[in-house]
Each structure stands twice: as structure tokens, then as C-alpha cells.
Amino acid sequence: MEAKTGNKVWRAVSSLWREHSYIFVFIVILIVYAVTIQLNGKSFTSGHISSILSSQNTVIVGTMAIGMALVIITGQIDLSIGSALVLCSGVTIVVFNMTDNILLTVLAALGSGLLLGAVNGVLAAYAKIPPFIVTLGTMLIYRSLALWAVREIPAEISGSSSSQFAMKSGSASYEFLRMAFGTGSLRIAGFSIPYVSILFLLCVALFVVIAGNTKYGKAVYAVGSNDRAARLAGVNVDRIKASVFMVTGLLVGVASIIQACKVGNITPASSGRSYEMYAIAAVVLGGIAMAGGRGNMAGVLFGALSYSAIDFIIVSIPALSADIQDTFQGLVLILVILVQTAGPVVKERFTSRRRRSRPAAAAAAGTTG
Amino acid sequence: MEAKTGNKVWRAVSSLWREHSYIFVFIVILIVYAVTIQLNGKSFTSGHISSILSSQNTVIVGTMAIGMALVIITGQIDLSIGSALVLCSGVTIVVFNMTDNILLTVLAALGSGLLLGAVNGVLAAYAKIPPFIVTLGTMLIYRSLALWAVREIPAEISGSSSSQFAMKSGSASYEFLRMAFGTGSLRIAGFSIPYVSILFLLCVALFVVIAGNTKYGKAVYAVGSNDRAARLAGVNVDRIKASVFMVTGLLVGVASIIQACKVGNITPASSGRSYEMYAIAAVVLGGIAMAGGRGNMAGVLFGALSYSAIDFIIVSIPALSADIQDTFQGLVLILVILVQTAGPVVKERFTSRRRRSRPAAAAAAGTTG
Amino acid sequence: MSILEMTGVSKSFDGNRVLKGVDFSVEQGEIHALLGENGAGKSTLLNILAGVIPRDGGDVHFDGTHYPHATIAQMEKAGVAFVHQELNVVNDLTVSENIFFNHELTYPLGLLRRTEMVAETRKLFERLGVDMDPTRKVGELKTSQKQLLEICRALHAEAKLMILDEPTTALGNDEIEHLFSILRQLKSEGRSFIFVSHKMPEVFQIADTYTVLRNGELISSGAVADATPFSITCDMVGEQYADEDVYRARELGPVVLELDRLTSESFRDVSLTLRRGEVVALTGLAGSGASELMQALFGAIPLLDGEIRAHGKPASGSIRAAMRGGIGMLPTNRKENSVIPDVSVLENLYLAEHSLSARRQWIHNAREIAQYENLRDALNIRTQGPGVAINSLSGGNQQKVFLARWLNTDADILLLDNPTQGVDVGAKEEIYGLILELATAGKTVVINTLEIPEIQKVSDRCVVLYAGDVVAVLDHDQINERDVMLYSTNAMNAAKGD
Amino acid sequence: STSTTPGETSAAAGKTIYVLGPTPDHGWTAQAGSYAEKKVAEINAAGKYKAEYQASSDGEAQNDLVQNIIANGDAAGVVFFALDDSAKSGQEALIGANIPFISFDRIIEGPDKSAILNFSGDNWAVGAGIGYWLQKNGMKPGDTLVTLIGDNGTVSSRRQEGFEQFLKGEKDYSDKETGQTYKTSQAWTADEVSALTSKYKVVCDWSADAAYQYLEQTLPDIMKDAKSSGGSLYVFSMDDEMTFGFMNLLEGNTLDDAAKKDLADMKVYISAIGGMQELYDVMAGTAPQSKIADQYFDGLMSMYFSPKMMTTAIDYMTQYLDGTDWKYKAGDGEYEPTFIVDKNNVSKFQGFTGH
Ligand SMILES: Nc1ncnc2c1ncn2[C@@H]1O[C@H](COP(=O)(O)OP(=O)(O)OP(=O)(O)O)[C@@H](O)[C@H]1O
Ligand SMILES: Nc1ncnc2c1ncn2[C@@H]1O[C@H](COP(=O)(O)OP(=O)(O)OP(=O)(O)O)[C@@H](O)[C@H]1O
Ligand SMILES: [Mg+2]
Ligand SMILES: [Mg+2]
């Protein structure tokens, strides 16, 4: 009886660790951050937390990482998101500059994002080109199109004469998008949350619901976990595989809106570089398995926050020269994943030893097919 | 009877296409290159071919791509090779500057390459961290260590005061490495082949032999094709998976020697960036499947040459602005792979519906023991 | 009234006719047993019925409607539920998510009625007497629970016709008992069932009617009450097997392999000694532990207890240890466990030899081809050459290549798990001859098979397992289809008990 | 050295001038590339010579292009914008093939002795210029400085070195507009310099986004420090882009009103390097963001370092081929003048645009 209760507690703890280790990981990283700040003679305030919440890595990369998570859950990958962000933000800003209409701007962002995602999805799911290659190709293409466009488009429309897309200021809709929404914050009880962070949180919430509480979400997991079983249950596997790229495209559209509102411009040559790697890192830090089929969408939130916080920790250690910062980034990434993969392996070892010590019971428990 | 013969010819052609399409691909690309040159009013000479043969993309990326091919054949990936090249070349050059000894320099290159590869291999194969994450981490780490080292090491040893590693000139071994070997050519019948290209060709030949004529090579394919069956035939799957990273490391060492001899220096901040993508592209253009288990090592040679030639074609079209060049690169990459994957898919479609349902049928007929 | 009427159904795979105009019908409210040897065509017929694979010819009428081009979705909607022979659960979803997979209950916005589904799952389990937590991840379940889950999923669909293709291979007796009581109750509500099983007592316990297929043809059909296990077994097996007798008694050598109280999760306390030149058959239904015993001998799955000695030296722990001890294993499930799909016949053939002789890395191509030709001639393998893709060979010839893989290692203890899997009748005879030849030449052969004629033909002894226990060790003369079938379905013990 | 001498090459007519430069990468080099492409089109239109712009992403790739150019056999001359020192062996190959070249921006030791001209901006000088300007505006040991670094490459490290060397008195700053040379007013110790530069620094990859992000997070801490160290804040930004990143941040509402007021009350001096017309517009008071700059910055300057000098480099090559007015001999150097642009003299300069 007692053993059984102990067992239950053990199971609960170990399942919490396995399913939500990303929360512990984030908390540990946050504590390290606070300690670093304090050691530098400053005090850790709610401002630090809200700056993690509103950093580019959180709101822009994080939003796209939601889509990346779905792509990875189906066992695929998307390397093109950084380039897609640039192209899509370009379209968004150009449409804004031309129409000065918020609704059209939003539609342009979402529509162009969807289109870019659909190109990836069709090539990967229906033309059966490996997703790695498809999105490597489109990574080159999307950015290069944006580079080309920014120099071809007249400065009145691109909003800048210097190889970037910039929102044209002056109108009421600019005031609203950039001032009220893009850089504004909601203040609650002394704590201020930027509106763009709220948008990101809403996206996470939406996709936590979609992944966990809709038929579609279940199909996404099933395709990544066992696509044969999914097929036998009547799921259209190709369509699901294509759709996750399209969803990612839509989220790139949302990220473009955030980019336009928060920053007001984008530079095709430099913006969004390596975002695919940051997004993958956020997804993996969020406990979502690279092999597909497993992981909680809420993990993306914590993964993105963890990644931002790691960044902040690294820049806030004055002794760390800029050259060596990436070494820490790489080490932390490997270490955190090692902890998460080691968990199950250690547990496996542990339980198999326990089983070994009661062979009779195990044998009596029966057989495998 | 007739139908049967026709069938045979069809099978032979389609098998040649499937197994060695990379040769056709290269020939087509070469023809396009020659035509482009001629259209620009220049004449296509043997010098153009030897410049493809000796380009960085061929000799450096190509050498590392041999290892990448093995890694991909086992179903893994290595994103760290560009950074490893930088670090390893740094070590090579420093050892040369300190010892002025050719043998020690070569040993340092191979030894440090092996070590960097072993780190990847152990983490991926034994600690079971997904190779994508392991090598993403080491990609950050290796480059950052090189950056850090180049600024910490005194200029007399790094050979340069400007954030790069450079071979110190003046000695007889410098003359030999840089002048005689690194930038020299073998002239046969009016055609000149750079010595470094010969080294690359020797590496390809060696690995064509290893992959095709040794037990190790066979095991590499088996692991990538069906690792469960390989295990049941006595193959040590983890060891094979780790070993391909180590072989890649050794080849990075060879590439470092080439870099040191051919270029004489390396810049940690910029050299070797994106080489992992170029190498993957060369591997895929060489007809090696991203899914593992399939492909001919000779394909790497043609893949690397094709990739170099595509690069040259793009810069030699004057009408193509620099901004849009990447679009062409991406399109060509996708198109070439599409041609290679489309072959089987079209054939599949062509040979009726019955076959399409086979996987499901086989699944349903599968045994439970 | 017939709820299902299949007439003249035929199907070929790559020119191999698997179903040759089969008629099959099921009455409303009956449990209909579909019986036949392995490979008789049962699963194929059922897959056609459920729209998993298309048929080449024939008609399917279900519940009064004709389905010329049935799809999975269509048949599901029409009221067919299918428990496939192999597990098809999604390990990363929870129990209740699997139960409702692709049929989730939703609110208007498409949101899942989560608590409702969990509650309904719980109710379902209560009704079915299943003890499982609906919120658990399926990956954490035991195989038997996964199989129960699949059954529950089908039961939950409340289909008019439920197909159960070997649903009980992983279940314990109590669970089977309980399942049957549920089936009986559902039957009384007017639902119909197709039930496939190799366990004869089950058939007599639960089925009302039966149909026997052999080689893709309808052999007999009727009421279970009018038949006996023996008559049905005879229908299934047919006559042709008993005919030729290649077996000869041989002088056996010293003990070469000793199993001492081997225990794993699938079998317990197995002790055996095998002699040089001996052929021993293991048999038992899926779940009997026979296959696992073989895998454990080869070091492929861990032992919980006991020891293996080959030639007097311990040989347990790993596959490589077993191989160095002179043991080779031809695994079951060729596609997953033997075929290296991307490489040639020669490379498939040589893989095991290569891993044993890895000290000398160089491959002598001419020598290998010569050896390949020897083996090809010895086993009469039909290929277009050593360089062709393994998948271009017929299943039987593939199987011979894998047999050759192990002969080529000079292993003197050969473990053959289901060695004639996919092998046609003629080739089977060749393999039987070969096994006896090998034994005469001094090799020790252990085969695991369900095919009793096979056992009769080659083995000096037959070890019958049931649910992880050795229930009988029969000498060559004692081996006959009826007894082995009765022991392996535990009918003998049940009969004794009754 | 090359045997080719100017004027000898009426044979050069109809041959090709090759310009090696970057693929669009980050602001400044990308603009240089654009100017090169435009200039190349002009030369082709003029018809006397042919011209080709060949882009690559690093020095190693430029070596390959050189092989290709030699194979083409029609080179009149090469304007060589080396992307890093790895391009050395490419320049050596040109020397071997007797093709005249102008080394642009990055001067590589060795081949520079054979180049018909070494023409560049001076990265150390712009760093020193910023050191001079910040010191002039009151920066002293113990003050708070934020360094917005371009990337880990040599361009940034030279700017950093020039900055530090000026403060330590190891290097002077000579302003090419006024013709004056300035020394540090007080030679800082190495410790004082490192205390100044080590606290707030970030690698921005030449992008406004990264500077925005970093400042968004650390500005409160930075301001706290600046307040306690005398109330002045100095920003050493290595590129116009990153300076815009700071302005983008200030334009929005991310900082709360109290912080904004604190910043406005503080003395803030910020540098830039480049010559973007947009930044010049800000200085001139004609851009929307001028308001921001006026409100928060007590000083805003940009070191003139225009990518337009690429056009000049190509002009030098045509001059050389024409054989007219050629006053240089192999190995000579020519530096593009460096000077400070701020709101006082901005009206005299035209910046570069991305078109
Ligand atoms: N996907 C397939 N490709 C080729 N042949 C197949 C395929 N599936 C089944 N077969 C053939 O069809 C025949 C019938 O197989 P089926 O699975 O229907 O047998 P079964 O009666 O269900 O046997 P078991 O009792 O082993 O389940 C087999 O002999 C096999 O050769
Ligand atoms: N790809 C295939 N080509 C040809 N025949 C196949 C193929 N796959 C399976 N089969 C055949 O299908 C039949 C049924 O397959 P299955 O694996 O279920 O048989 P089994 O393992 O003997 O049955 P059991 O599970 O009852 O022991 C076998 O005769 C097998 O040889
Ligand atoms: Mg079966
Ligand atoms: Mg079956």
C-alpha cells in the first residue's frame, strides 16, 4: 500500500519533470540572471523581467518559434523563417506606406506570410523534397528578393532611402501602430507589459489551445509520432505536413506586424539572420523533441524566454569578452538539452535495475506482442 | 518478348539516371557555364575548368563535404564544419608559426580536427543529443573559441596583428607549403591542375574506396539504411555514428592544411561561414539522400564541382544584380533536387494506384511475431 | 440477414495471387471466425473490406450498400471498425485521445470536449472492465494494455461490424475472458464481429460460425457447433504438407549450447541443452515467448536472470558476444529486422560476416562474389546478380539471402526465427532439406515457427511454449499437428483441467 | 611589381575592368557594392571599356574569382575590395598574371607593394575621431560609455583600437575637412580606458535591431550608472544603423515617461560612422526623427566614411588605363578624407542612399 503511494508520488514528480522541465530550466536561468545582476552591484527589478518579455528574441523569434514547434512536431524543419520575416515585413511596410490603412496592412502581412509558408509546404509535403533542402533554398530566395526589392522600390514607398523598409510616419495610423501599440505597454500594478508581448502571449495561448484542444492539433502530434497510424485512422498526412508550414507562415506574418509596429523598419541585409537557429533553440529549450511527436506548445513560451534570458546573462557578465560569448551560448544550449535527454536515460537505467530486482513479478505481468 | 527488352532498356536508363544523375547534372551545369562565358564575348578555356577545380568551394568545402556525406549517409547532420575549419586552421597555423615544422603542422591539423569531430560524435552518438543541436552548439563554440584565441594570442604566434591567423613567411618550409604546394600546379599537356585539387581528388578517391570496398563503409550505409537490422547483424551502431563525425573532423583537418597552404591565413570572424550549408548542398547535388543510407561518394566530387560551377555561372551573368543572385542559387538548388526526387515520384504515379497503397498494406500485413 | 457479403474477391501483390475469388459473408449478430494458416490471406481480405487496400476484383456489399471503391473513411462511416493485427496506437497521445482519435467530440468552435471525452473513456472502461487511466500517455503502457486500448477504441466506435484481427495475442487469460463476455453482450445487442485467431480454444469459446481460407481460397465455412478443432485444423493445414518426409534420424554430438533457468519479461525458467547436429523447434503463439527466447539467446534483448553457455563458455550479454560464441540469428519480421533496403544483395549477404571480421577491413570483391555464387547455388537463390537491390528479390529469395548471411559467418549454432516467412511451398522444402543438411554437417539449429508441418519435417525435438512457460518438450516421433496445436493453444491443458 | 605602365594600354580599350566586392551583407559594404554596380553600368554605357562587378561573401571566394578572371583573359584591370585578408593569394595571383589592380578599403600587406594604388578609408582614424569628439564633449575617466560594436571582424576592432589609442595619446586625429590635427587633451591610462569600454558593449551585427534590443534591456541600468558618474552618457556607435537603433527605441513608448525625462535631462553624446543621407537629414532637422535627436541628444555626429569612395576607386582605374593625370607609382597609398559631420556642417555634404 505504502509502496504504491510512494510510487505515485515518484511518478507524478518524474512526469512533471519530463513534461515540463522547461519551466524548471527557465526558473534556474532566471535565478542565474538575477544573481548576475546583483553581483554587478545592481538590483534585479520587475523592469528586467519585462525587458526579457519584450525583447526581440521573445516577441519576434518567439512568435515564429510557435510555428517552428509545429513543424518540428511533425518531424520536419523550417530554415527559412528569418528570411521570410524580412520579405514579409517588407511587404507589410510597403502596403502600409501605400495605403495608410491598418486593416490592409494586417491582411498583407498575414497573406504574404501564408503564401511564403505555402511554398515551403507544397514543396516539402507534395513534391517530397526534403524540408531541409526546401527551406534552405527558400531561405536564400526570400532574403534575396527582399534585398532586391528594397533597392528597386522608390524611396517614397519603401519609406527609406537607405536599403531598408521603414514605416512612413506622420499619419494617425502610424501613431496608433507605432506609438500606441508597437512600443506601448499595459501597466498593471506597477508592472508594465508591452502590448506586443501580450500579442505574443495570445499567440502562444491560441496555439496551446489549438495543439491541445482541437482535432487539428491531435492530428499534428499523431503525424509526427506515427504517421502510419495516423493514415490508418483516416488523417490526410500530406495535408497536415503542408499545413504546419502555412501556419508558420501566418505566424511570420504576425511577427512582421510586430516588427513593423515595434521597430518601425527592417533591413533586408541584416535583420532576421540566424533567427531560424534561435527559433529551433527556443523550441528545443521548450522541451519539444527534435524527433517529432512530442512536446508542449507552452514550452515555446518558456523556451523563448529562456533563450532571451541566456542572451541577457551573457551580455551582463562584464568579464565575458564579446568573442567568447558564443561559446557560452553553445555550451548552455548543449547542457540544457543534455539535462533534458539525460533525464529519461537515467530513469530508464534506474527502472530497469528495479525491474531486474523483481523478475518474477515482471514475468508474471505477462508478455509482449 | 519485345516488351520485356524495352523494359530492360528502360530499367537500365532509369537506374543510371537514378544512381548517377549527379554526373548528368554536372555536365548540364558545365555546358550552361560555357555558354554563359561565350555569350559574354569571352572564350571558354581549360583555365575555366581548372578554376572550378581549384576554387574554395571545391577544395575546401568539397573535402569537408566528403565527411558530411558520411554523416548524412548515417542519417545525421553536422552544422559545425565551417567553425571547425576556422578553429582547426588556427591551430594549424599557430603550430606552424611556432615550430616551422611541416610534419608537426600536419599532425596538429589532423589531431585537432579529430578532436573537434570526436566531441560532436560522442555527444550525438553516446549522449544521444540530436546531432542538429549538438553541432549547432559546437558551431557557436568552435568559432567563438577561434575568435577569442586570435585576440589573446600574441601577434608573433598568430602571425598577424589584425584578428586573423596567418602563416609566417620567410622560412624554407613556408616556401614549400605556400609557394610550391599551396598555390602551385601540376602541368600536364597544357592543362594545369593545382596540387591542392589533387589532394582533394585523392581524398575523394580514398573515400570512394573506403565507402565501397571496406567493411567500415558497408556498415556506414547499413546504419543509415536500417539501423535496427544493422544492430542485429552485429554492427556497433553507436560507434559507427560517432566515427563518421570523427572522420569528418579528420577531413576538416585536411581542409585546414589546404586553407593554410592555399590561402596562407584565416579570419575567424568571416571565413568558413555557411560552409555547412554549401557542403550539404554539394552532398545533395551529388545525389546523396538526406534521409540516409543511399548515395555514391563519387557524387561528392561532382556535387562540389556543380556547386562551384553554379556559383561561377551566377557571377558571370552581368545582368544579374548581386542582390538577386541568391534567388538563383536557391532556385537552382530546389530545381536540381526536384529533378532528382521527381524521377521516382513520377514513376510511382505512373505505375498505378495499386503500388501507392502498398505501404499501408504492408503495414497491415506486418507481423506481431 | 447478411450484414456483409463479399463475393469473388481477388487480390495480387506483384503478380502473386493472394486471394483467388473468395466469397465471405457475415450474418447480423454473429461472431464469425476467419481462420487459416499464416499467409492464407485473412488480413488481406479484411484490409480490402475496410478500404485499407484496393481489391483487384470482386464485390463488397455492406449493410445493403455496394462499395466499388471503398476508402478507410467511407467504411468507417458505414459502420466498420478495425483492430489491426499489429498495434496502431499513437504513443505520444493519451489514452482517451487515442480512443477518440480523429473522432473527437468538439464544441462549435472546434474545441475539444476534453473532460467529456475523459469521462466517457472512463465510463467505457468501466463498462468494459478495463483498468486504465484515461489521461496517461500511451507510450507508458504495456503492450497488452495497448492492445486492449485498440480493442476499446474499436468497441467505442459502436460499429455495426467489428473486425478483430488477432486481437488477443498480447492479452492474459482474464482479459480475454472479459473481452469475450463483452463481445457476447454486444452480440446480443445485434452487433456483428469478424474474429481472427490462431488459438483454437478461443474460437470454440466465442465464435458462432467460421470460415477457413487456405492459399487465398475458401476451403470451408459453417457453424462452429458442427465442427471440431481437429477438423478445422485439417482444413487449415490441408493435405500436401504431410506428404514428403525429408527427416532422417542422426547421431547427435556433444552438448554445445546450455540454457540455464533463463528468465526475461516474456518467458521464465527456461532450461535446455542442445547438442551438436541437433535441430530443435520452438513453437508457441505470438506472445508465447518463443521468439523472445530466441532473441535473448542472441543477446538482442536483456535477460533478467539465468545464463547461456556456448561451447561451455558464457555467451550472454550482447549480440557481439553471442556472435563471437558462434551463434547466429535469422530474426523474424524480415522487413524490419533483416533487410538493409538501400544496399545490394551482396552487401546484405555479407553484413554479419563483415562485422565479425572487422579486423581485416579490406573487401576482396572477387572472393566475395565467388562465395556468393557458392551460397547462391547451395540455396538455389534466384537473383539477377550480386549487385541488384535486395528489394528486387521475391520474399522467399530475400529470406534465403538472410539465411546465407548467417551461413556465411560459420556460426555453428543457428537460431532461425520464422525461417520460412514469406517462402513459397517449393522453396520451403528446399530450406527444410538445407536445415537437415546443416545439422548433418554438425551445426546446431534452433527454429522458431508456428507451422507445425515444418516442425515435423525438420526437428529432433519440439519445445512448446505457452504464455512464457515451457508446456511440452516433444520428441520427433511425438510431434503431430494436432498435439502441437493443442499444446500451443493450451487446449490440451484446458482439456486436462476440465 | 607589375610591368604594366599607364598609358601603354591603349590596348586596354575594349577590355574589361573587373570590380570585386561584397554581396549585400550589411549596410556600408552593401552600399559600396551598389555604387560599384552603378559605376560599372556607367562604364559599359560609355563603351570605351567593359566592366563587370563580381560579388562574393568572403576573401576566399574572391581568390576563386581571380582565377576565373585570369582564365577569361580579357582583364584590363581589377578594382579589388578585399573582404578579408584571405584575399591575399588572389592579389598575388593577379600580380603573377600581370594584371594591374587597385586595392580598395582593405589594404593587404605584401601585395600592397605591387598594387597600382592603395585606396581606402581609415578605420583607425574614424575611431580616433570619435575619441576626440567625445573627449571634446567632456568625456573623462570614470564616465559611462556604451559601445555598439559592428561585428567581430577587423573593421570594428580597428575602430575600437583607434578610439582607445587616441585616448591613450598613442594616436592623433587629423581632420581632413579642417586640415587640423588633434591630440588627446589628457592621456588616459590603460586601466582608465578599459574601465570605460568594458562595461556596456554589445555586438550588433551592424543592425539597428540588435542595438535596439540591447538598449531596450540595459538602458535603465546604464542611466543609473551615468547619473551616479556625473550625469553624462556617451555612446560610441560604430555605424549609422546602430545609432538609428537607439533613436527607434526613443521614438517608441518602451521607456516610461520618468525614464524619458531623466534621459532628456542628462547630457547624451552619440556617435555614428558612415554617411547615410537619412542620418544627415536627422542632423539637418528635416527628418521625422530630428525631434527625437533634439530632445534627447546633446550631440550627434557621424564620421564621414562614405561607401561612395568605391566610385572614386573605379574612377582611379579608368584614369590609370587612360593614362591621363596618373601621378601614382606602384605601392602608393591614398586615403579618403575622414572628418566629423554634425549639425553645424551637415549642409555641405551629400550622404548616400540605398538606391
Ligand atoms: N503488401 C504486400 N505486398 C506483397 N505481398 C503481400 C503484401 N501483403 C500481403 N502479402 C501476401 O499476401 C498473402 C496473404 O497475407 P495476409 O497478411 O492476408 O495473411 P494472413 O492470412 O492474414 O496471415 P497471418 O495469419 O500471418 O496474419 C501473403 O502470403 C503475402 O505474401
Ligand atoms: N513485403 C512482403 N512481400 C511478400 N510477402 C510479405 C511481405 N510482407 C509480409 N509478407 C508475408 O505476409 C504474410 C503475413 O505476414 P506476417 O508477417 O503477419 O506473418 P507471420 O509473422 O508469419 O504471422 P504471425 O504474426 O501470425 O506469426 C507472411 O507470409 C509474410 O511472408
Ligand atoms: Mg501474422
Ligand atoms: Mg494477418
Side-chain angles (χ1 to χ4, degrees), chain A residues 77 79-80 83 123 126-134 136-152 163 228-229 231-232 268-269 277 280-281 284 289-291 321-338 340-342 344-345 368-369, chain B residues 77 79-80 83 123 127-134 136-152 163 268-269 277 280-281 284 289-291 321-338 340-342 344-345 359-360 363-364 367-369:
Chain A
I77 200 154
L79 303 176
S80 73
S83 298
L123 288 174
Y126 293 103
K128 311 280 182 210
I129 307 177
F132 194 98
I133 297 296
V134 168
L136 177 60
T138 55
M139 172 173 101
L140 292 169
I141 294 171
Y142 295 164
R143 182 176 298 275
S144 142
L145 287 177
L147 273 166
W148 169 78
V150 78
R151 309 212 184 192
E152 292 295 314
S163 296
R228 203 179 58 204
R231 200 167 266 146
L232 283 177
M277 295 301 174
I280 292 170
V284 175
M290 286 293 289
S321 84
D323 300 327
I324 205 76
Q325 289 181 352
D326 275 355
T327 297
F328 275 72
Q329 195 114 24
L331 282 177
V332 169
L333 190 61
I334 290 177
L335 267 178
V336 170
I337 307 307
L338 187 60
Q340 296 186 353
T341 58
V345 172
T368 52
Chain B
I77 201 156
L79 302 177
S80 74
S83 298
L123 289 172
K128 312 277 182 213
I129 307 177
F132 195 98
I133 298 297
V134 168
L136 177 59
T138 54
M139 172 173 101
L140 293 169
I141 294 170
Y142 294 164
R143 183 176 297 276
S144 139
L145 286 177
L147 272 167
W148 169 80
V150 78
R151 313 224 175 176
E152 292 293 315
S163 295
M277 294 303 173
I280 292 170
V284 175
M290 286 295 289
S321 86
D323 300 328
I324 206 78
Q325 290 182 354
D326 274 356
T327 297
F328 274 72
Q329 194 114 26
L331 283 177
V332 169
L333 190 61
I334 289 178
L335 268 178
V336 171
I337 308 305
L338 187 61
Q340 297 186 353
T341 59
V345 171
T367 177
T368 48

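What you see is a predicted model; the values in this text were computed from it and never measured. Scope of the values below: all heavy atoms of this structure, side chains included, with no hydrogens, waters or symmetry mates.
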Salt-bridged, Arg151(A) to Asp323(B), with N to O below 4.0 Å? yes
If you tally heavy-atom pairs under 4.5 Å against chain B, which of Thr327(A), Leu136(A), Ile129(A), Ile133(A) wins? Thr327(A)
Of Leu123(B), Val150(B), Leu145(B), the largest count of non-hydrogen pairs under 4.5 angstrom with chain A goes to Leu145(B)
May I ask you to test the Leu140(B)-Met277(A) pair for a side-chain heavy-atom distance under 4.5 Å? no
Distance from Leu333(A) atom CG to Met139(B) atom CE, nearest 0.5 Å? 10.0 Å
So Ile280(A) and Phe132(B), side-chain contact (heavy atoms from CB on, under 4.5 Å) or not? Walk me through it. CA-CA 10 Å; Ile280(A) 292 170; Phe132(B) 195 98; 3.4 Å; yes
Check Asp326(B) against Ser144(A) and note the closest heavy-atom contact, atom names and distance. CB-CB, 3.4 Å
